[in-house]
2 protein chains.
Amino acid sequence: MVVLIHHYLHLPFSSPSLSLSYHSSSKRPRVRISASSSSSPMDRQNRRRGGYVDFPHLSAQHRELMLDLVSTVETRLESDLLPSSLSPDVQYFENESGNSQAALHIRSGDKASPIDLVLGSWIHCELPSGALDITTISAYLKSSTDAPRFLIEFLQSSPTSLILILDLPPRKDLVLHQDYLDTFYGDTQLDKRRQELAKVPEVRPYFSSSLYIRCVCSPTAILVSINCEAGGEGRMEEIIRDHVGPVAKEVLGIWLDRCACGGRVVEVHERADLEMRDRLIKKKTIEIDLGSSLPRLFGPDVAGRVLEAIRDAFNT
Amino acid sequence: MVVLIHHYLHLPFSSPSLSLSYHSSSKRPRVRISASSSSSPMDRQNRRRGGYVDFPHLSAQHRELMLDLVSTVETRLESDLLPSSLSPDVQYFENESGNSQAALHIRSGDKASPIDLVLGSWIHCELPSGALDITTISAYLKSSTDAPRFLIEFLQSSPTSLILILDLPPRKDLVLHQDYLDTFYGDTQLDKRRQELAKVPEVRPYFSSSLYIRCVCSPTAILVSINCEAGGEGRMEEIIRDHVGPVAKEVLGIWLDRCACGGRVVEVHERADLEMRDRLIKKKTIEIDLGSSLPRLFGPDVAGRVLEAIRDAFNT
């Protein structure tokens, strides 16, 4: 939703095999996962109307990974995050015909926290050419720290075709700040994770069609497409479980340890530049990505409501 | 020499089939190319001692391309460039045993010109594991303009294995300057050239082992490895002639038209930041790349002399 939506491709989705619920109105949200091999009409109805972590259209391994990542973020940052204040019609929304559905979950950081906000979303669109699923977690930090952000985004245009963006996008011009590059990208050995994933035969480097999005990524960003038509859905599940999952969890762990909870503090007089850069990135993200895509997928009224909520949360 | 030397791999080189001479001491250097199928002892001696555009160790197509690029730059910028002021023992140098050889050619811009300097070089090293050839043209602009630089670098570790970096490295933080990104990278359709080359089956994206070098490249940078073991040397020649050559000439043309001669002027009070960034990039380039590699390849004395000449020219 944050980076890849401008691609919107096509996906015949696989049916869900987990039944989930998510108490987003509580002060302390918790993810509850219960395995279910069948799917009752009530389940389907719940899923269709469901909250963010329902992920109703993802395959089993993909959903399990997303739940793991969401749960890790929320457990680790629980004391930093305020409850979601999104209205129900922004937490879940669909277009008039119901063939585009999405869920959005935003939790802002507590006043004393270095976390600005954590955003999670999924979009499912049945387009004339097929269906498409986009699943995202992104996290922004306040200008009290200059540590990188976190971003993971999946775009699935068929059960055997996936684009993945996984990165700690930098918040400084890395050309000018070698120490920052060393601290967050060299010392953390992030590139090893990219290299590991690149060894999988079905994994290819991916180049975003947006040059701006290429610019905001770090030099160790994982931008890959995974195509396993030959191996089928089973192989994709295997790749997610054995390769994408471990790497994603490691990168998130690095972000939580070194960035979100790393305690790196920026002097008050140095925060204005950082704020300006952060605000610009948020603004451009909305402009390039959501600003044009959401109205096309959900109509102007729904898109207007959702974009307003995102701008509010982004403070742009 | 500027970007790739820290890789130094291994190359059994093909024998040259052109005899060239280069009048680098004249105010108006000219490239003279004369085809020659045989190679006399005198030719070999000339080549071994030769000037920058001898390219004595490159294959025919590779050399022809380099000569074309050098000639295009020097013809177009002739009135901007001062003659080389490098001493002969920096224009050509080798290590004690003579198994590492290199030529360096630097022409600074005239006082009134926006060109800071144009640097050309080749290095040929016979390493224990094989031989390696690195060929470079890079161009720097003064802070009177903020237009991108030019860089082309080939690293050939065997007749069937080549790494290519071809880019207009930006001189501003592109995240903050969307207009700059649009002007030099969007409107120029540079990414189409990258995409064209990516279609060649033997071409794969290349990731520099230096994160800093990844950072200084633009989002449309061509960073590729070309491996054609199956097709042999003939196929490599074909790829250079039919694919690499046309793209390199186009990119150089864009740089000459839009950057070197684009007439984009920066206000005097805005030049300090640009100068600082340019100086830092030059310094890091030397530090990361040449500073550690040249002493290993040419011994401390030769390397010291060459590095001093480069630092002088770079004004760092």
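Labels below follow one simple rule: chain letters A, B, ... track the order of the sequence lines, proteins then strands, and each chain is numbered from 1.
- Per-residue counts of heavy-atom pairs under 4.5 Å with chain B were compared for L174(A), V216(A), L181(A); the largest is that of L181(A).
- When atom types are taken as modelled, the side chain of Y140(A) and the backbone of I115(A) share no donor-acceptor pair closer than 3.5 angstrom.
- Of the two parts of L280(B), only the side chain, counted from C-beta on, holds a non-hydrogen atom closer than 4.5 Å to a non-hydrogen atom of chain A.
- Side chain of W255(A) to main chain of P148(A): a donor-acceptor pair is present (N/O by atom type, distance under 3.5 Å, no hydrogens or angles).
- Checking each of L155(A), V247(A), I240(A), L197(A) against L164(A) for a side-chain contact (heavy atoms from CB on, under 4.5 Å) leaves exactly one that passes, namely L197(A).
- Of the listed residues (R204(B), R194(B), M276(B), K284(B)), the one with the most heavy-atom contacts under 4.5 Å to chain A is R194(B).
- With a 4.5 angstrom heavy-atom cutoff, T220(B) touches chain A via backbone and side-chain atoms both.
- Contacts of I281(B) with chain A are made by side-chain atoms alone, with heavy-atom separations under 4.5 Å and no backbone atom involved.
- Proximity to chain A is limited to the side chain of D191(B), based on heavy atoms less than 4.5 angstrom apart.
- Proximity of D179(B) to F184(B): side-chain heavy atoms (C-beta onward) are nowhere separated by under 4.5 Å.
- When each of R264(B), R277(B), R171(B) is tested with D146(B) by the rule salt bridge (Lys or Arg N to Asp or Glu O under 4.0 Å), just one qualifies, namely R264(B).
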